[in-house]
*Asks:* 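Have a look at this one before I ask anything.
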Amino acid sequence: MAVIDLRSDTLTRPTPGMLEAMTKAPVGDDVYDEDPTVHELESRVAELFGHEAALYCVTGSLSNQLGIRMLVEPGEEVLCDVQAHIVRAEMGGHAAIGQVTTRTFSSPTGLAEADRIAELIAVGGGPYHVTTAAVAIENTLNYAGGKIQPYENLAEISELCQSYGVKRHLDGARLWNAHIATGVPLEAFGALYDTISVCFSKGLGAPVGSVLVSSADNIARARIVRKRMGAGWRQAGVLAAAALYALEHQLGRLADDHLAARAFAEEVAALAPSAITPDDVETNIVVLDTGDYDAREVLDSAAGQDVRVSQLGPRTLRAVAHLGVDEADCRAAGKILGSLLA
Ligand SMILES: *Cc1c(COP(=O)(O)O)cnc(C)c1O
């Protein structure tokens, strides 16, 4: 049996159609701002979100860092979820490079709430307190199991920020999944944020790349900071072509990933009901509670049966559906995890 690899939706390989699009892409030097395929991607994505401009970047960590840096001055803070990728999985870059400090709010249900954020916002603290310059929201929230942030919550948080003059960043690495699962238009999300980062290397299946969306002024400044960080790139259109192809051909199919993740959860729950409630699975990510079992041991046993998942904590595992697996794979994998957790 082939290995069923559910560790991440970053594991996808470019499809034949995508590779063909990459080889045919017209290219130029993007540091000179002369790559037509990069231009096409940037203007297409900016338009999707109803913003003025966009910047194609090598990773989401970079586009998050640039976006937040455009909103927060050194020594100021950004508020984010305690589980957020920006504070847990970007190697401290916002502090180490951007000189931005962070305070976190927790959301036990995985849903960001305006009330909790309101308790933390600090503006006008004079020379005594760090100034809150921005709030960052992650949608879907990866470590909470791909939770979709309800649009009403997001709108309320956005309004709260505006009432304090605090800027708004969206880590939308998997916003595509929220969009496909809920039908909320991308432009409606765009209206709530000053800067948005979206990834093409996750469920959309491109090999590389994220896009930062914002005002023309912010994007012009971000372009300079990106070059300073050594992340200017030349004929990046070869890669941008993959992202354009993904938008065109691989966005709608995210619904299949959501069904496959749900099928995986159902199979696990049939044998180990305390590990997962299938109704909690909203997109392509499933977080399993290993209960009395050590997550690492379960992970190793699953790997011994050709199913790979990743570990989130001492008692939690993560499985992610993606373009490289189908519903039958996910059901087979779910049976194996279910029997290990029963
Ligand atoms: C993957 C991811 C990113 C970006 O990660 P890179 O590996 O730097 O591209 C950002 N936010 C979230 C929530 C992610 O899952």
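First listed ligand is number 1; within each ligand, the first listed atom is number 1. Along the sequence shown, residues are numbered consecutively beginning with 1.
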*Asks:* Which heavy atom of R226 sits nearest a heavy atom of W233, and at what distance?
*Replies:*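 Residues R226 and W233, closest heavy atoms: NH1-NE1, 3.4 Å.
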*Asks:* Which residue holds the protein heavy atom closest to atom 1 (C) of ligand 1, what is that atom called, and what is the gap in Å?
*Replies:*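 In this structure, atom 1 (C) of ligand 1 has K202 NZ, 1.3 Å as its nearest protein heavy atom.
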*Asks:* Would you say that more than 12 heavy atoms from the other residues, nucleotides or ligands in this model lie under 6.0 Å from the CD of E159, or not?
*Replies:*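 No - once you tally the heavy atoms of other residues, nucleotides and ligands closer than 6.0 Å, there are 12 at most.
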*Asks:* For the 3.5 Å polar cut-off, considering only N or O atoms, please tell me whether R174 and ligand 1 meet it.
*Replies:* yes
*Asks:* Looking only at distances, can you tell me whether any N or O atom of G60, backbone or side chain, sits closer than 3.5 Å to an N or O atom of ligand 1?
*Replies:* yes
*Asks:* Counting non-hydrogen protein atoms only, what is the nearest one to atom 7 (O) of ligand 1? Give residue, atom name and distance.
*Replies:* S61 OG, 4.5 Å
*Asks:* Which atoms of ligand 1 have any heavy atom of N142 under 4.0 Å away?
*Replies:* 15 (O)
*Asks:* With respect to atom 11 (N) of ligand 1, which of I285, V320, D171 exhibits the smallest heavy-atom separation?
*Replies:* D171
*Asks:* For a 4.5 angstrom cut-off between non-hydrogen side-chain atoms, does E266 reach R331?
*Replies:*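 When only atoms from C-beta onward are counted, R331 and E266 do touch, with a gap below 4.5 Å.
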*Asks:* Would R315 and Y293 count as a cation-pi pair here, with the cationic atom under 6.0 angstrom from the ring centre and within 45° of the axis?
*Replies:* no
*Asks:* Between I86 and ligand 1, which part of the residue brings a heavy atom under 4.0 Å of the ligand: side chain, backbone, both or neither?
*Replies:* neither
*Asks:* Give the residue, atom name and distance (to 0.1 Å) of the protein heavy atom nearest atom 5 (O) of ligand 1.
*Replies:*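 Atom 5 (O) of ligand 1 sits closest to the protein heavy atom H85 CE1, 3.5 Å.
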*Asks:* Any atoms of ligand 1 less than 4.0 Å from a non-hydrogen atom of E90? List them with their elements.
*Replies:*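 So the answer, numbered in order with elements, is 10 (C).
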*Asks:* Can we say K147 and E138 salt-bridge, meaning some charged N sits less than 4.0 Å from an Asp/Glu carboxylate O?
*Replies:*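 No, no charged N to carboxylate O under 4.0 Å.
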*Asks:* Would you call D29 and R234 a salt bridge, using N to O less than 4.0 angstrom?
*Replies:* yes
*Asks:* What are the two closest heavy atoms between A134 and V166, and how far apart are they?
*Replies:*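 In this case the closest contact between A134 and V166 is CA-CG1, 3.6 Å.
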*Asks:* Enumerate the atoms of ligand 1 whose separation from the nearest heavy atom of E138 is less than 4.0 angstrom.
*Replies:*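 Every atom of ligand 1 under 4.0 Å from some heavy atom of E138: 13 (C).
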